[in-house]
> 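Submitted below is the structure of interest, expressed as structure tokens.
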Amino acid sequence: MKNSHLKGFPLLVLLFSVFSLSAQIVKSPVAWTFSVKQVNDSEYTLISDAVIQKGWHMYSQFVGDNGPVPTAFKYDSSADYVLEGKTTEVTPISRYEKAFTMDVKYFEGKAEFSQNIKVKNAKGFILKGNVYSMTCNDSMCLPPKQVDFAFTIPAATTGSSSSPSAGGYWGIFFLGLGIGLAALLTPCVFPMIPLTVSFFLKKNSSRKKGLRDALTYGACIIIIYVALAAIITAAFGPSGLNAIASNGWVNIFFFLIFVVFGISLLGAFEITLPSSWGSKTDSASDRGGILGIFFMALTLCIISFSCTGPFLGALLAGASSSNQYWSLIVGMFSFSFALSIPFVLFAFFPSLLNALPKSGGWLNSVKVVFGLFELAFALKFLSTADLVGLHIKFLHFHINGPMGILRREIFLILWIVIFTIMGLYLLGKIKFHHDSEVKYVSAFRVILAIITFSFSLYLVPGLFGGSLRLIGGFPPPSFYSEGWNFGGMGEAVKTEVGPKNNRVIGCPLNLNCFHDYDEAVAEAKKTGKPIMIDFTGFSCVNCRKMEENVWSEPRVLDVIKNDYVLVSLYVDDKTELPADKQTVSKVNGDKIETYGEKWSDMETFLFKSNTQPLYALIDADGNLLAPTRGYTPDIEQYLKFLTDAKNALHPSFGKPSVTITP
């Protein structure tokens with residue numbers, strides 16, 4: 001490392017550090033983890049997270065001259081990629097330090113850095129470099145330390161490796177946009193459109209001022225929802241939203257919330273925020289200018305919560321399943337953008353207001369349909385909780401899932417019933433509270449009823465082992481069933497995890513697979529086959545999509561079944577490791593107590609990634625046969641990934657930076 005890192009470093013502080021260290025050897029108080037997130041086919045974000053021990057702090061990249069040694073990242077030059085901008089960091093703390101007689105920026109507890117890159121090599125590669133940083137506490141500073149890193153950039157794929165949709169941030173954006181447009185059709189929002197637009201146009205003496213106020217009103221709606229998303233994101237941190245997707249208790253909470261919202265939309269009761277909130281914001285909106293318009297927008301957000309709340313819950317759930325830091329903010333932006341569109345659009349073209357359908361019983365019908373959708377999606381969260389299990393460490397309470405509550409057939413039966421009820425409701429055969437009498441069935445209702453009945457019939461073959469690619473990833477995995485299909489669940493399901501564990505983990509598509517890395521290595525050495533490591537999770541939607549939509553393709557299934565030793569490692573498996581196998585993480589120093597923690601630590605440490613699915617193809621000696629690959633819905637690309645590595649059977653891309661031994 002060049003001495004330029006030490007430029008301006010005060011001699012007094014350096015001598016003090018050396019003197020302090022001469023009396024004791026201090027273990028580095030910083031643990032680094034490195035991971036990769038895919039933005040699109042050619043862009044990736046390199047994530048560098050530092051966990052800093054209590055009492056210590058690490059300095060920012062941006063400190064003034066004659067200050068401490070700044071944190072600095074160096075990426076090896078390569079024709080495989082180009083850096084997009086500079087390495088960014090989460091806002092550090094700024095404080096005056098006497099040792100340097102200046103204000104300095106530093107991090108406590110944790111530090112988060114990200115670097116965007118544009119990939120030129122579609123075949124995948126390993127990006128190496130290092131980070132150079134210094135840490136101090138109140139009494140001493142440690143000598144600056146260099147930590148090497150190696151990011152594994154997978155071959156080009158279409159989509160993010162673990163987001164709920166294959167488009168990464170774009171997927172979240174369109175999810176929020178769709179949810180926002182749907183929320184417009186609720187009785188709490190739809191009637192407000194003509195009233196609000198008319199108010200702006202009539203209130204102002206000039207049309208120009210009315211248009212300006214409408215634009216301001218729409219912008220305020222966006223600001224309110226984005227600010228809410230920013231607060232939630234800041235509270236949970238970059239990995240918090242993703243972590244809740246695999247937490248059994250959080251999924252139980254989401255299940256209950258969706259059930260409550262769904263029953264509310266069916267008309268059993270109404271969920272509202274305290275009326276005083278609406279009254280106060282409404283009175284504040286009487287103030288003139290931008291502040292008054294802002295409070296008008298805030299009033300809309302509050303009084304419409306009983307209708308928009310369920311949609312926001314769906315958006316939060318979708319964002320929590322994503323592995324993108326800004327997912328909730330992006331989703332809330334698109335949601336609020338969709339919500340604000342009509343208020344601005346009709347202000348510019350007021351004649352279109354006459355084309356709007358009048359408020360009436362049809363709005364309640366929309367609420368009921370959305371309520372049934374809420375109940376259907378609530379089952380997804382119950383299914384995840386059932387698969388993952390419930391775990392409270394400090395109370396020594398463990399239910400290691402799967403718990404057997406909601407197997408695949410039961411899930412599908414409930415969906416068939418819900419969507420059949422929806423079809424009957426659309427035809428006017430079932431009525432709920434607040435429904436108006438249906439004198440005749442419109443063509444639009446008939447079309448929707450046909451779609452829902454057809455969807456219900458589409459689900460029926462799934463009860464007997466049929467493939468359901470249309471909803472791949474939503475029902476429980478195929479191996480988690482009652483065994484109604486003719487093949488049953490297969491012998492592989494009887495694989496037991498842990499000597500004291502009463503449950504089993506099955507294998508997708510009745511494949512023979514292992515759930516322990518060492519057992520897979522022993523089998524590979526015995527058969528001479530390469531190993532396919534499948535880093536997966538019970539709560540991973542894209543893992544199920546890959547299994548049901550890609551692995552099930554006969555050519556892919558044949559290669560996996562006959563040419564590889566498959567080992568599926570569940571990173572959210574809460575089964576406790578035997579006491580003699582519990583270790584300390586090589587990533588952050590935390591104690592590893594469960595199988596899921598073991599496999600997650602292995603994935604992060606060896607492959608610099610913490611997303612699922614992640615597929616690593618290696619030989620029995622631990623040589624990487626191809627760059628790791630994430631979510632790849634393109635069957636031909638995935639098949640090529642498998643066959644190229646199988647045909648190579650030698651380390652075409654070099655040996656991993658460490659030996660693959662968990």
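The figures here come from the full heavy-atom set of this structure, side chains too, leaving out hydrogens, waters and symmetry mates.
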> Would D76 and L127 count as a side-chain contact (heavy atoms from CB on, under 4.5 Å) here? Give the steps.
CA-CA 7 Å; D76 292 353; L127 190 160; over 6 Å; no
> Report yes or no: does S133 contribute a side-chain atom to a donor-acceptor pair with the main-chain N or O of T71 at less than 3.5 Å?
no
> For D80, enumerate each residue passing the side-chain hydrogen bond (donor to acceptor under 3.5 Å, both in side chains) test, keeping only those at least two apart in sequence or located in another chain.
S78, N121
> Would you indicate whether the side-chain heavy atoms of T45 and V36 approach each other to under 4.5 Å?
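Sidechains of T45 and V36: no contact.
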> Report yes if the side chains of L566 and D534 come closer than 4.5 Å at any heavy-atom pair, otherwise no.
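Result yes, sub-4.5 Å side-chain heavy-atom pair found.
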> Quick one: closest heavy-atom pair of A620 and V521, and the distance?
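In this case the closest contact between A620 and V521 is O-CG1, 3.9 Å.
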> Are any of the side-chain heavy atoms of P530 and I618 separated by less than 4.5 Å?
no
> Supply the atom-to-atom distance T643 OG1 to Y638 OH, rounded to the nearest 0.5 angstrom.
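Going from the OG1 atom of T643 to the OH atom of Y638 covers 11.5 Å.
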> Can you list everything that forms a side-chain contact (heavy atoms from CB on, under 4.5 Å) with T583? Sequence neighbours excluded, please.
I592
> Return the set of residues passing ring-ring contact (aromatic ring centres under 6.0 Å, His included) with F151 (not counting sequence neighbours), or none when no residue passes.
F34, F149
> Going by side-chain hydrogen bond (donor to acceptor under 3.5 Å, both in side chains), name the residues that satisfy it together with E523, two or more places apart in sequence or in a different chain.
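By the side-chain hydrogen bond (donor to acceptor under 3.5 Å, both in side chains) rule, E523 matches no residue at all.
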> Roughly how far, to the nearest 0.5 Å, is the OG1 atom of T152 from the CG atom of L606?
9.5 Å
> Suppose we screen for side-chain hydrogen bond (donor to acceptor under 3.5 Å, both in side chains). Which residues come up paired with N562, at least two apart in sequence or across chains?
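So N562 forms a side-chain hydrogen bond (donor to acceptor under 3.5 Å, both in side chains) with D558.
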> Say you draw a straight line from NZ of K110 to CD1 of I52; how long is it, rounded to the nearest 0.5 Å?
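The NZ atom of K110 sits 10.5 Å away from the CD1 atom of I52.
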> For the residue pair W599 and H515, what are the closest heavy atoms and their distance?
CZ2-O, 3.6 Å
> Can you name the closest pair of heavy atoms from P476 and L406 and give their distance?
CG-O, 3.5 Å
> Please work out which of the three classes, parallel, tilted or perpendicular, describes the rings of Y75 and F73, given edges at 30° and 60°.
parallel
> Before giving the answer on side-chain contact (heavy atoms from CB on, under 4.5 Å), spell out for V550 and D634 the whole-Å C-alpha distance, their side-chain angles and the decisive distance to 0.1 Å.
CA-CA 8 Å; V550 179; D634 187 294; over 6 Å; no
> Among all residues two or more places apart in sequence or in another chain, which pass the side-chain contact (heavy atoms from CB on, under 4.5 Å) test with V82?
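With sequence neighbours excluded, V82 shows a side-chain contact (heavy atoms from CB on, under 4.5 Å) to E84, K118, K120, given in chain and number order.
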> Check salt bridge (Lys or Arg N to Asp or Glu O under 4.0 Å) between D563 and all other residues, then give those that pass, not counting sequence neighbours.
K646
> Please find the pair of heavy atoms, one from W551 and one from P508, that lie closest to each other, and give the distance.
CZ3-CG, 3.9 Å
> Going by an N to O cut-off under 4.0 Å, is there a salt bridge joining K545 and E547?
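E547 and K545: not salt-bridged.
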> Identify, with sequence neighbours excluded, every residue that meets ring-ring contact (aromatic ring centres under 6.0 Å, His included) alongside F174.
W170
> Mind checking what makes side-chain hydrogen bond (donor to acceptor under 3.5 Å, both in side chains) contact with T88, not counting sequence neighbours?
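Expected list: S114.
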> Kindly write out the residues that satisfy salt bridge (Lys or Arg N to Asp or Glu O under 4.0 Å) with K86, not counting sequence neighbours, or none if the list is empty.
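K86 satisfies salt bridge (Lys or Arg N to Asp or Glu O under 4.0 Å) with no residue once adjacent residues are dropped.
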> Side chains of Y81 and Y44, heavy atoms from C-beta outward: is any pair under 4.5 Å?
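Of all side-chain heavy-atom pairs linking Y44 with Y81, none is under 4.5 Å.
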> Compare all side-chain heavy atoms of L412 with those of P475 and state whether any distance is below 4.5 angstrom.
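Yes, close enough: below the 4.5 Å cut-off.
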> Quick one: does V565's side chain get under 4.5 Å of T527's, heavy atoms only?
yes
> Checking side-chain contact (heavy atoms from CB on, under 4.5 Å) for the pair I117/L46: CA distance, chi angles, key distance, verdict?
CA-CA 8 Å; I117 64 169; L46 311 179; 4.0 Å; yes
> Would you confirm whether Y564, through its side chain, and L617, through its main-chain N or O, come within 3.5 Å as a donor-acceptor pair?
no
> I want to check something: taking the side chain as every heavy atom from C-beta on, are Y615 and M546 in contact at a cut-off of under 4.5 Å?
yes
> Please report the shortest heavy-atom distance between N512 and C507, naming the atom on each side.
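What the structure gives for the nearest pair is C-SG, 4.4 Å.
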> Indicate whether the side chain of Q146 and that of D148 have a donor and an acceptor atom separated by less than 3.5 Å.
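Judged by distance alone, the side chains do pair up.
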> With rounding to the nearest 0.5 angstrom, report the CG to OG distance, L614 to S35.
11.5 Å
> Look up atom OG1 in T594 and atom CG in L577, then write down how far apart they are to the nearest 0.5 Å.
6.5 Å
> Could you tell me the separation between the CG atom of L463 and the CD1 atom of I410, rounded to the nearest 0.5 Å?
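Taking CG in L463 and CD1 in I410, the distance rounds to 9.0 Å.
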> Run R408 and E548 through salt bridge (charged side-chain N to carboxylate O under 4.0 Å, His left out) and show every step you take.
CA-CA 13 Å; R408 184 177 176 89; E548 297 176 21; 3.5 Å; yes
> For the pair V567 and D516, evaluate side-chain contact (heavy atoms from CB on, under 4.5 Å) and give the outcome as yes or no after the intermediate values.
CA-CA 7 Å; V567 53; D516 182 88; 6.0 Å; no
> Go through the structure and list residues passing side-chain contact (heavy atoms from CB on, under 4.5 Å) with A376, not counting sequence neighbours.
W415, I418, F419
> Using the salt bridge (Lys or Arg N to Asp or Glu O under 4.0 Å) criterion, which residues pair with E553? Sequence neighbours excluded.
R555
> Do the non-hydrogen side-chain atoms of D49 and W32 ever get within less than 4.5 Å of each other?
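No, every pair of side-chain atoms sits at 4.5 Å or beyond.
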> Over all heavy atoms of both residues, which pair between L557 and L511 is shortest? Give the atoms and the distance, please.
CD1-CD2, 3.7 Å
